[in-house]
Amino acid sequence: MHLDPLPQFKKVSLTTFRTRANAYVEWIDRMGTHVWITKHRRLVAGVVPFYQLRAMERLMGKDITDHERDIDAKRRRVMWAAYDHQIEMLMREQELRTRKK
């Protein structure tokens, strides 16, 4: 039985990744490698080739499309909550102005 070796990886700080993101993405795309991103020396994220997401789908037990749909739904809920909060703050501000008059 032949096992594929683990892909190469680089561990970089978030700051370094930000400044060189294009080069890292090119390296990932060309070589099938991974970039592990650290923040304050703690691993916080990884960037992998898109084709490897299929393996992640199996691990997560969820299709990437379903995962994207869930993320979009959560994003919309957060946006509406922020919008509702903003309206509430504006209404309070208006109420305070009318009380001062």
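Computed from heavy atoms alone, side chains included, the values below leave out hydrogens, waters and symmetry copies. Everything numeric here is computed off the predicted structure, so don't read it as measured data.
If you chain together hydrophobic residues whose side chains sit under 4.5 Å apart, Phe50 and Val48 fall into the same group. Note on Ile87 and Met79: separate hydrophobic clusters, where clusters join Ile, Leu, Val, Met, Phe, Trp and Tyr whose side-chain heavy atoms are under 4.5 Å apart, directly or indirectly.
Rounded to the nearest 0.5 Å, atoms CD (Glu95) and CG (Leu90) are 13.0 Å apart. For the atom pair NZ (Lys11) and CG (Leu43), the distance works out to 5.5 Å, reported to the nearest 0.5 Å. We find the CG-OG1 distance between Leu96 and Thr98 to be 7.5 Å, quoted to the nearest 0.5 Å.
Seen from the ring of Trp36, Lys10 does not count as a face-on cation partner, given the 6.0 Å and 45° thresholds.
In this structure the side chain of Leu14 never reaches within 4.5 angstrom of the side chain of His40, judged on heavy atoms. Using a 4.5 Å heavy-atom threshold, the side chains of Met31 and Pro49 count as separate. Side chains of Ile28 and Val35 form a contact here, defined as non-hydrogen atoms less than 4.5 Å apart.
Other residues, nucleotides and ligands contribute only 12 or fewer heavy atoms inside 6.0 Å of the CZ atom of Arg41. Other residues, nucleotides and ligands place no more than 12 heavy atoms under 6.0 Å from the OH atom of Tyr83. In the displayed structure, Arg30 atom CZ is contacted under 6.0 Å by more than 12 heavy atoms of other residues, nucleotides or ligands.
With sequence neighbours left out, the side chain to side chain contact (heavy atoms under 4.5 Å, CB included) criterion links Val78 to no other residue. By the side chain to side chain contact (heavy atoms under 4.5 Å, CB included) test, Met89 pairs with His85, Arg92, sequence neighbours left out. Every residue was checked against the side chain to side chain contact (heavy atoms under 4.5 Å, CB included) condition with Thr19, not counting sequence neighbours, and none meets it.
In this structure, the ring of Trp27 has its center no less than 6.0 angstrom from the ring center of Tyr24.
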